[in-house]
Protein chains: 4
Amino acid sequence: MYITIDERDNRPIYHQVADGIKTLIAAGELRKGSTLPPVRQVAADLGVNQNTVAAAYRELQKEGLIRVRHGSGAKVVSQVLANKDDERAEERLRAVLADLVLSGRTRSEVLTLVNEALTRLARA
Amino acid sequence: MYITIDERDNRPIYHQVADGIKTLIAAGELRKGSTLPPVRQVAADLGVNQNTVAAAYRELQKEGLIRVRHGSGAKVVSQVLANKDDERAEERLRAVLADLVLSGRTRSEVLTLVNEALTRLARA
Amino acid sequence: MYITIDERDNRPIYHQVADGIKTLIAAGELRKGSTLPPVRQVAADLGVNQNTVAAAYRELQKEGLIRVRHGSGAKVVSQVLANKDDERAEERLRAVLADLVLSGRTRSEVLTLVNEALTRLARA
Amino acid sequence: MYITIDERDNRPIYHQVADGIKTLIAAGELRKGSTLPPVRQVAADLGVNQNTVAAAYRELQKEGLIRVRHGSGAKVVSQVLANKDDERAEERLRAVLADLVLSGRTRSEVLTLVNEALTRLARA
DNA sequence: GTGGTCTAGACCACG
DNA sequence: GTGGTCTAGACCACC
């Protein structure tokens with residue numbers, strides 16, 4: 001599991017964990033039916049509290065990507081988000097692109113970044 | 001000021017305001033030397049608390065885009081972000097792209113969204 | 001045994017099993033003196049862990065409905081719950097009814113559901 | 001706010017709190033636009049931890065009934081559950097009715113309970 | 001003032 | 001073994 005936590009990142013840790021797993025699902029590294037590692041293990045690996053990882057799993061379950069069952073762990077049940085609109089992904093996309101442009105990148109540099117990122121996402 | 005506040009957007013309001021202004025700067029509608037409208041006016045226009053708009057301005061000042069002076073309002077002083085938080089922006093880009101892919105969009109659909117957004121940003 | 005396990009049901013599996021058997025008892029399909037099928041068989045039929053079915057039997061025994069004996073299987077010994085947890089049941093009833101109302105059902109629709117359910121329970 | 005916590009109730013506390021508020025919404029005591037009391041106040045009133053109440057609010061938000069915003073509290077935004085199917089309300093109804101019947105109540109006694117409960121729910 | 005996040009650690013529930 | 005709940009308390013973010 002290649003998830004990284006960035007202290008300087010404004011996003012809360014549990015969000016970063018969830019996003020990391022979402023990326024793995026989008027990239028096809030975690031397919032429908034795959035079992036996620038135990039909460040405790042992820043917590044130990046990343047050096048964060050178990051509750052924090054549990055919050056990430058809860059988040060993913062809320063979005064319909066995984067199914068968490070009490071004694072038997074978490075499993076990927078879908079590769080499609082349930083609430084497409086709630087997250088306002090397009091709006092966030094615009095904001096991020098504005099940031100990249102404001103950091104001095106040219107249009108083609110931004111497009112290169114986007115293409116590189118998309119290439120890693122199998123289903124795209 | 002063409003800024004909109006979306007109730008359903010999960011981002012905090014002050015963030016939405018700051019992002020709106022950043023987009024205007026990136027698009028060239030607000031150039032170096034331009035004066036931003038008074039906090040009170042923006043607050044009234046958007047129907048939000050003055051403190052919220054003030055927080056947005058503070059954020060923009062922290063990023064080096066504007067300069068806020070007591071009595072003389074806020075002015076755009078740069079069109080380039082001061083913070084070199086490139087990695088964080090790229091990380092957020094990846095997360096947003098993963099969300100778009102997980103919401104069922106194909107690679108070309110995502111690229112269309114990106115191009116549309118970039119076209120509105122003059123400097124890109 | 002007409003018990004079904006619903007993956008989408010939030011109740012724990014052992015609870016679903018116990019409730020299924022309780023419904024059979026309430027409906028009179030399992031009468032005082034009847035023998036329940038062996039844990040292994042139920043587990044195999046439903047495709048769940050034996051421990052899970054055992055937990056359900058334990059629950060039913062705790063409520064005074066069945067008697068589990070090593071070697072001789074489980075037998076229905078009563079058609080009346082031992083625990084006087086009436087208030088808790090009523091509280092749960094209120095919560096479920098609130099949910100049904102909040103899901104948009106009218107009073108008469110709810111009453112229809114209730115009547116249908118009661119009709120299947122012989123002793124009612 | 002007439003919410004009660006029952007130690008003997010099997011449901012987790014945060015669930016009992018959420019159910020209590022749902023009942024108030026279903027009964028029309030909390031209408032669309034109403035503001036919920038602060039997390040801290042509810043926590044103090046009920047004698048539970050703030051995190052527990054926060055979990056209840058999160059639950060209600062997930063179900064689409066309230067909208068929680070950072071600095072400005074929680075507000076009722078809908079009187080209809082967003083995820084009607086996820087909760088399997090009808091299945092839980094059958095289980096509760098079976099319990100009431102098994103506790104020795106006749107059909108008419110159960111119907112009286114149901115009617116009393118529904119009478120308190122305005123929208124029913 | 002409001003809610004959100006995170007931690008440490010205890011204890012419970014499920015399979 | 002797995003995840004869930006709850007607590008106490010600290011600190012942060014938002015309006």
Side-chain angles (χ1 to χ4, degrees), chain A residues 5 7 9-17 35-43 46-59 61 66-75, chain B residues 5 10-18 39 43 46-56 58-59, chain C residues 5 10-18 39 43 46-56 58-59, chain D residues 5 7 9-17 35-43 46-59 61 66-75:
Chain A
I5 302 300
E7 284 292 332
D9 197 322
N10 291 319
R11 293 174 299 167
I13 298 175
Y14 81 93
H15 205 149
Q16 294 184 43
V17 175
T35 301
L36 296 184
V39 167
R40 299 163 212 239
Q41 184 186 313
V42 176
L46 300 178
V48 300
N49 192 281
Q50 297 176 194
N51 291 336
T52 304
V53 178
Y57 279 28
R58 219 181 295 131
E59 181 87 358
Q61 178 167 235
I66 71 174
R67 171 76 172 152
V68 185
R69 294 231 67 157
H70 222 102
S72 53
K75 199 172 56 173
Chain B
I5 301 300
N10 288 318
R11 290 175 301 167
I13 298 174
Y14 90 96
H15 206 149
Q16 293 186 43
V17 175
V39 167
L46 300 179
V48 301
N49 194 296
Q50 290 189 20
N51 293 333
T52 305
V53 178
R58 225 179 296 127
E59 180 82 0
Chain C
I5 301 299
N10 289 318
R11 290 175 302 168
I13 298 173
Y14 90 96
H15 205 147
Q16 292 185 43
V17 175
V39 167
L46 299 179
V48 300
N49 194 297
Q50 290 189 20
N51 292 333
T52 305
V53 178
R58 226 178 296 128
E59 181 82 0
Chain D
I5 302 300
E7 284 292 333
D9 197 320
N10 291 319
R11 293 173 300 168
I13 298 175
Y14 81 94
H15 205 149
Q16 294 185 43
V17 175
T35 301
L36 296 185
V39 167
R40 298 163 212 241
Q41 184 185 314
V42 177
L46 301 178
V48 301
N49 191 281
Q50 297 177 193
N51 292 336
T52 304
V53 178
Y57 279 28
R58 217 181 296 132
E59 181 88 358
Q61 179 167 235
I66 71 175
R67 171 77 174 149
V68 185
R69 295 229 67 156
H70 222 101
S72 52
K75 198 172 57 175

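Predicted model, so just to flag it, every value in this text is computed and none were measured. By convention in this document, chain letters (A, B, ...) are assigned in the order of the sequence lines, proteins followed by strands, and residues within each chain are numbered from 1.
- Of the residues near DNA chain F, B/Thr52 and D/Pro12, the one whose nearest nucleotide (by heavy atom distance) lies more toward the 5' end is D/Pro12.
- When the side-chain contact (heavy atoms from CB on, under 4.5 Å) test is applied to B/Asn51, the partners found at least two apart in sequence or on another chain are B/Asn49.
- Residues satisfying the side-chain contact (heavy atoms from CB on, under 4.5 Å) test with D/Pro38, not counting sequence neighbours, are D/Gln41.
- Residues satisfying the side-chain contact (heavy atoms from CB on, under 4.5 Å) test with A/Asn10, not counting sequence neighbours, are none.
- Here B/Asn51 lies out of heavy-atom contact (under 4.0 Å) with every strand.
- The CZ atom of D/Arg40 sits 5.5 Å away from atom CD of D/Gln50, with the distance rounded to the nearest 0.5 Å.
- Taking every heavy atom of both residues into account, D/Tyr57 and D/Leu36 meet most closely at OH-CB, 3.6 Å.
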**OP:** Would you sort out whether A/Arg69 and C/Ile13 count as a side chain to side chain contact (heavy atoms under 4.5 Å, CB included), showing the intermediate values?
**Re:** CA-CA 10 Å; A/Arg69 294 231 67 157; C/Ile13 298 173; 4.3 Å; yes
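- Both D/Val39 and A/Ser72 lie near DNA chain E, and the one whose nearest nucleotide falls closer to the 5' end is D/Val39.
- Residue-to-nucleotide proximity on DNA chain F shows that, of A/Pro38 and B/Arg11, the 5′-proximal contact is made by A/Pro38.
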Original post:
Under a 3.5 Å cutoff on both atom distances, Watson-Crick or G-U, what's the dot-bracket for DNA chain F ([ ] crossing, | other strand)?
Top reply: ||||||||||||||.
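- A/Arg69 comes within 4.0 angstrom of the backbone, heavy atoms only, and of no base.
- When each of A/Val48 and C/Tyr14 is assigned the nucleotide of DNA chain E bearing its nearest heavy atom, the one mapping closer to the 5' terminus is A/Val48.
- Closest non-hydrogen pair, C/Ala56 versus C/Ala18, comes out as CB-N, 3.9 Å.
- Partners of B/Arg11 under the side-chain hydrogen bond (donor to acceptor under 3.5 Å, both in side chains) rule, at least two apart in sequence or in another chain, are B/Asp9, B/Asp19.
- In 5' to 3' order, the nucleotides of DNA chain F bounding all contacts with chain D (an atom under 4.0 Å from a heavy atom) are F/dT5 to F/dC15.
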